[in-house]
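Working notes, structure below.
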Amino acid sequence: MNQVNESRPVPKKGTFVDTAPFWEGIERGELVLQYCKDTDRFQHYPRPVSIYTGSRNLGWKAVSGNGVVYSRTVLRIPGPGITARLPLVVATIDLDEGARLLGNVLDASPEEVQIGCRVELAWDELDGGQRYPAFRLVRD
Amino acid sequence: MGNKEMVIAGYSETPVISKSGRSAYDFAGEALAQLLERTGIEKDAIDGMSVTTPLSETSNAFFPVYMAEALGLTTTWLNYGGIGGCSVTGGVSRAMSAIRDGHCEIAVVMSADAPSTRWGANYGAYRAEFQEAVGVQSPPSIFGLLMSRYEHQYGLKSEALAKIAVTQRNHAMMNENALAKFRKPLTEEDYLQSRLIADPLRMLDSVMFCDGANAFLVMTRERADALGIKKYVYPTAYAELTNVNGTDPMADITETGFSKIAPKIWKQSGLSPSDISMVQPYDDFTIAVLMMFEDFGFCKRGEGSDFILDTDLSHTGTLPLNTGGGQISAGQPGLAGGGLNLVEAVRQLFGEGDARQVNNPKNALVTGIGVIPFARNWGTSTAMILEV
């Protein structure tokens, strides 16, 4: 499961807005997200302005990566970079800090990943050993 | 009573074809020629146009101007509709505004796309870094997440979604413009056995990209009467919303833009759900139809499954649904798809539904859905009420 035996290209970084802090955080083993400094609220994906105020007073900070599965689906038909990973669990994760991410839940069967399950940060791998944030179930 | 100053005074529609090998321009030409023939309007009487952004030609930033030139239209008002499946209803509304402001007198709302022949779109933005890296590449993934959350909060009956698919398929079988391969019967069992794509979303919950075009003529009622046009309908209500709950990152994703715009269209038209003769809702996925029933007040939130199971949605029923088969069973001509539902509403109100004609309809509710954003509900919602 989750074996990478087909290309998972590393996306071009920072073509939309400057995402360097996100990728630098990954190098340190941290999940770093953008937030609005005026309201102290996170926003993900990162934006060119604060979606709360419209200002560019934005910063980045690390989050725990702890959260809960808000919704989940299981991709079952082939597509670029996912064919070898099917069935692929995709979830929306509500982080404890108040941000919602799209992520894969690793090392779990589709049946195990249910709405409400607690998750923690895990690391997936793209081409060339590039780490990319993902999640795994918190198993008691 | 809604405002009856403006009319849709004609419609046209090409057959929906898969991998036609033809361009959006060529389909638009077919739609225009058919529109002129149906209405008897001279081409040069058209002085305004709204063009829907197509998936197949989005690499051309000047597409609407190329379209005007291709069609031989000289316009004093040209609009480019970039709200996806809402561009058609939105285009009609914008055309009405332009006519009221004196920018043009007779506008064509032209939607043509051929994404099954040529894919010209690249959404760019955040997608590569934060969405595609996760494996989310296509609308079914995001709609799978939406359905899954809806099911968790309210419960979702497969038989209800099957009923939407089967009802619309029965209607498509009476629609000469429907995609040929879909013009065969479908059973509830076929639906329940159809392949899961993005749990709990199935193949038969989904549309298929095809090629095709549709067009509408918008003008004042006064002008239509002066031109001797006998059939027209009144768009008496329109409302639109983009980026619902856009500043709440933890929003309830089962909350649609429909729920926000529904009060507006009921107020504008003076109608209520029980007054509606038929619904022709945007149907990229069956769940969107179910949520439409709830959010426009045909039933309460979370009661969509039971409402569908308890209501006769056939063309002879109490609330006919997508009587041409909708996009799910007639095929989705790319971003011209929003026009498929609107064409069927106008056709029915003109009494041209043939074998699937609804008995003496007084009005129709038509909706639009545009864009599937990042892990959220859909991007743009539109609703229009047409009355005779």
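Note that the structure is a prediction, hence the values are computed from the model and not measured. Protein chains get the first letters and strands the later ones, always in sequence-line order, with residue 1 at the start of each.
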*Indicate whether the side chain of B:Arg301 and that of B:Thr254 have a donor and an acceptor atom separated by less than 3.5 Å.*
yes
*Check whether A:Phe42 gets within reach of chain B through its side chain, its backbone, both or neither, counting any heavy atom under 4.5 Å.*
backbone
_chain B contact via A:Ile93 - side chain, backbone, both or neither, heavy atoms under 4.5 Å_ = neither
Answer with side chain, backbone, both or neither: which region of [X] has an atom nearer than 4.5 Å to a non-hydrogen atom of chain A?
X	result
B:Gln137	side chain
B:Asn243	neither
B:Arg127	neither

_B:Tyr126/B:Phe374 aromatic ring centres below 6.0 Å_ = yes
_Out of A:Leu101, A:Leu75, A:Val10, A:Ile51, return the one with the most heavy atom pairs under 4.5 angstrom to chain B._
A:Leu75
*Should the ring pair A:Tyr132 and A:Trp23 be called parallel, tilted or perpendicular, given that the plane angle runs from 0 to 90° and is split at 30 and 60?*
tilted
*Crowded around A:Lys61 NZ? As in, over 12 foreign heavy atoms under 6.0 Å?*
yes
*Greatest number of heavy atom pairs closer than 4.5 Å to chain A - which of B:Glu132, B:Met147, B:Arg195*: B:Arg195
*Is the backbone of A:Leu106 close enough, under 3.5 Å, to the side chain of A:Asn104 for a donor and an acceptor to pair up by distance?*
no
